[in-house]
Amino acid sequence: MKLSAAFEMVRLLEVKNENPSTKTFVFEHDLGAKPGQFVMAWIPTVNEKPMSVGGDEGNTFSLTVANVGTFSEAFQKLKPGDRIGVRGPYGRAYQLKGKRVAMVGGGFGSAPLRFLAELARKKAVHVDFIQGARSKDRLILEKDIQKLGCHLHVATNDGSKGKKGMVTDVLAELLKANRYDGVYACGPELMMQAVGKLCEKHATYCEISVERYMKCGFGVCGQCDCGGLLTCVEGTVVDYQKIKDNPDFGRIHRDASGQKHFFK
Amino acid sequence: MATLSTQFLGKKFKNPFVLASGFMGVTGLSMASAAKHGFGAVTIKSLSLQPRKGHPAPVIVEFDRGLINAVGLSNPGVKEGADELALAKKEAGVPVFASVFADTVEHFAEAAKAVSKAKPDFLEIDVSCPNVDNEFGTPFACDPKAAYDVTRAVKKAVPIPLSVKLSPNVPHLGPIARQVEKAGADAINAINTLKGMVIQPEARRPVLTNKFGGISGPALFPVATRCIYEAYQSAKIPIIGTGGVTTGRDAASHLMAGASLVGIGSALHFRGLDAAKTIGKELLEFMELEGYKKVQDMVGLAHEA
Ligand SMILES: Cc1cc2nc3c(=O)[nH]c(=O)nc-3n(C[C@H](O)[C@H](O)[C@H](O)COP(=O)(O)OP(=O)(O)OC[C@H]3O[C@@H](n4cnc5c(N)ncnc54)[C@H](O)[C@@H]3O)c2cc1C
Ligand SMILES: Cc1cc2nc3c(=O)[nH]c(=O)nc-3n(C[C@H](O)[C@H](O)[C@H](O)COP(=O)(O)O)c2cc1C
Ligand code: FES
């Protein structure tokens with residue numbers, strides 16, 4: 001029987017610093033998540049927000065959280081032994097294809113992709129992992145990604161590490177030189193749109209993660225709609241071909257009230 | 001051959017299932033998607049004159065027998081909302097219900113006028129949300145006189161067929177249904193959510209930040225059936241029976257209690273995005289098995305016993 005209460009209260013085991021404003025939190029719980037899925041994480045008396053699962057080891061799972069506002073700041077203050085509530089996992093997972101893939105991560109988007117890369121490497125799939133950031137000190141999980149045996153390619157806006165420029169510059173070169181069975185992206189929407197367009201040009205299968213403001217996370221409230229797509233259940237991971245002509249994709253997102261905002 | 005197609009206030013419906021307000025109804029295209037997934041009509045998330053962010057999260061969670069929510073009537077306001085309604089009218093291909101709420105009788109009428117520009121097929125007034133009494137006081141639907149006044153004012157303000165959404169948080173629904181009918185309502189929607197609470201024992205506190213919330217889904221089902229039954233006893237206007245329906249037999253029960261249409265919300269979680277299709281298939285099977293040709297043939301049957 002399912003628990004009569006809504007959340008699983010899970011204990012924090014370990015905290016790892018990824019960069020000055022991002023940490024990875026390892027919790028004790030058999031979540032049963034697949035790469036690309038997310039949970040709703042509740043810090044009692046603070047708030048509840050969607051968070052992508054960054055890893056699932058059976059008895060533990062991890063979340064990688066960037067400090068950007070009230071909730072994520074409270075998250076950074078959690079100490080081993082503290083408990084938070086989680087519900088989920090929710091959403092569509094990435095569908096891993098073939099023997100050779102590329103992954104493109106921006107910001108905390110590299111965390112769920114590291115989880116996908118782990119799955120890919122277990123199946124001996126070749127992984128080119130492209131990570132982009134403003135500067136060197138913003139990169140996350142570099143060592144973990146390399147440890148998996150992925151080929152890591154870095155792009156920074158200021159050129160402090162890897163190629164100076166955008167992840168799409170690196171992807172464009174890789175797509176010219178290689179034939180991929182799939183390209184998987186997670187990060188800012190306009191970046192993922194650019195990734196999708198590049199893949200389309202090279203007739204390469206591409207999945208991206210389309211995220212909108214969420215309340216329920218399980219397909220009832222309608223808050224997370226993206227032009228007729230309920231991102232929390234029909235996504236967040238979608239085939240680029242299925243989203244590219246969506247009228248809101250890359251253009252419009254909504255806030256907690258449902259009011260429209262345009263991507264800059 | 002049995003059919004699900006039916007009539008309501010002179011309009012054709014491909015089936016009796018109405019997407020309940022607050023479900024998938026934030027945008028016009030999302031309502032269109034609900035129609036594509038099988039709903040015979042759709043309702044927008046209730047709109048107010050000004051945009052509202054709603055309560056702090058958690059605002060919706062599931063428990064073993066239902067959902068509890070205190071979304072707090074978040075919405076983009078009647079201005080943006082009317083655009084979404086117009087888009088739903090254009091894209092959904094099924095009848096569209098507007099839904100509004102407000103703090104005063106005058107504001108109800110004003111909000112109704114604002115959404116009428118989008119030319120919805122029906123207008124519903126949500127006078128029964130249990131999650132905003134701190135702000136708005138006792139819901140209009142919990143007092144016969146207040147329910148009469150607000151219905152009258154909205155009916156005078158706009159010419160669109162009017163449905164009034166009632167609350168289960170009353171000892172007797174009958175007197176309220178009667179007043180709403182007397183005030184000129186064209187239909188009754190019974191019911192909104194039932195006020196409740198879910199506590200997370202390990203965290204020693206209610207799961208919702210608002211503490212209290214509205215119960216929907218299976219836990220609400222028998223309460224809804226009772227309310228529909230009481231409304232049918234007291235008023236002659238048609239009823240949209242909403243609350244806890246997750247199977248075809250549930251739908252048949254609400255029809256037999258007196259509903260002409262069946263509102264569906266939480267089943268989107270318990271049965272998935274194709275809930276209306278699935279429940280429709282089950283209802284049709286039930287009708288074939290029991291020998292009913294039309295949905296109308298079942299309406300109010302439980303009162304004959
Ligand atoms: C599917 C999904 C997965 C996510 N995964 C991660 C992750 O792995 N790591 C991580 O650090 N962050 C993740 N986020 C973002 C996270 O949910 C919060 O938005 C972020 O922590 C900011 O919250 P805040 O209160 O700290 O800041 P705020 O100042 O409250 O919010 C900053 C911005 O975050 C967005 N936001 C706020 N609340 C929500 C919400 N309920 N749903 C969607 N967006 C919201 C809004 O655009 C807002 O402007 C994810 C979001 C989604 C939708
Ligand atoms: C998350 C959520 C939001 C809701 N929002 C509204 C609303 O804005 N207006 C309204 O009239 N009813 C609202 N309701 C009530 C539903 O329309 C419906 O009456 C109730 O959920 C019972 O039906 P169900 O058991 O099929 O879900 C909401 C319910 C839920 C669960
Ligand atoms: S977050 Fe509620 S439907 Fe997606």
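Because only heavy atoms are used, hydrogens play no part in the values below, and waters and symmetry mates are left out as well, while side chains stay in. By convention in this document, chain letters (A, B, ...) are assigned in the order of the sequence lines, proteins followed by strands, and residues within each chain are numbered from 1.
Options A:Cys226, A:Gly85, A:Cys221 differ in how many heavy-atom pairs under 4.5 Å they form with chain B, and the most are formed by A:Cys221. Looking only at heavy-atom pairs under 4.5 Å with chain A, the residue among B:Gly272, B:Gly25, B:Ala267, B:Pro58 that has the most is B:Pro58.
The CD atom of B:Glu202 lies 8.0 Å from the CD atom of A:Glu8; values are rounded to the nearest 0.5 Å. The line from NZ of B:Lys53 to OG of A:Ser257 is 6.0 Å long, rounded to the nearest 0.5 Å.
In this structure, A:Ala256 and B:Ser74 approach most closely via the heavy-atom pair O-CB, 3.6 Å.
Within residues 26-34 of chain B, the residues having any heavy atom under 4.5 Å from a heavy atom of chain A are, by residue number, B:Val26, B:Thr27, B:Leu29, B:Ser30, B:Ser33. Of residues 79-98 of chain B, those residues with a non-hydrogen atom less than 4.5 Å from any non-hydrogen atom of chain A are, in numerical order, B:Glu80, B:Glu84.
Side-chain contact between B:His269 and A:Cys216 is absent, with no heavy atoms from C-beta onward closer than 4.5 Å. Between A:Gln259 and B:Pro51, the closest side-chain pair of non-hydrogen atoms falls below 4.5 Å. A 4.5 Å side-chain heavy-atom check between A:Leu230 and B:Met24 finds at least one atom pair inside the cut-off. A:Phe218 places a side-chain heavy atom less than 4.5 Å from the side chain of B:Ile60. The shortest side-chain heavy-atom distance between A:Lys260 and B:Pro76 does not fall under the 4.5 Å cut-off. Counting only heavy atoms from C-beta outward, the side chains of A:Met40 and B:Val61 never approach each other to under 4.5 Å.
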Please lay out, stage by stage, how B:Leu273 and A:Glu234 fare under the test side-chain contact (heavy atoms from CB on, under 4.5 Å). CA-CA 9 Å; B:Leu273 208 48; A:Glu234 298 181 282; 3.6 Å; yes

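More than 12 heavy atoms of other shown residues, nucleotides or ligands fall within 6.0 angstrom of atom OH in A:Tyr205. Enclosure of atom CD in B:Gln50 is not indicated, since only 12 or fewer non-hydrogen atoms of other residues, nucleotides or ligands lie within 6.0 angstrom. Atom CG of A:Asp82 is surrounded by more than 12 heavy atoms from other residues, nucleotides or ligands within 6.0 Å.
Screening residues 207-218 of chain B for side-chain hydrogen bond (donor to acceptor under 3.5 Å, both in side chains) gives B:Ser216-B:Ser266 as the qualifying pairs, with residues at least two apart or on separate chains. Pairs of residues two or more places apart, or lying in two chains, that qualify as side-chain hydrogen bond (donor to acceptor under 3.5 Å, both in side chains) and include a residue from residues 38-55 of chain A are A:Glu48-A:Arg87.
The contact between B:Leu67 and chain A is made entirely by side chain atoms (from C-beta outward), counting heavy-atom distances below 4.5 Å. Only the side chain of B:His37 comes within contact range of chain A, with at least one heavy atom under 4.5 Å from a heavy atom of that chain.
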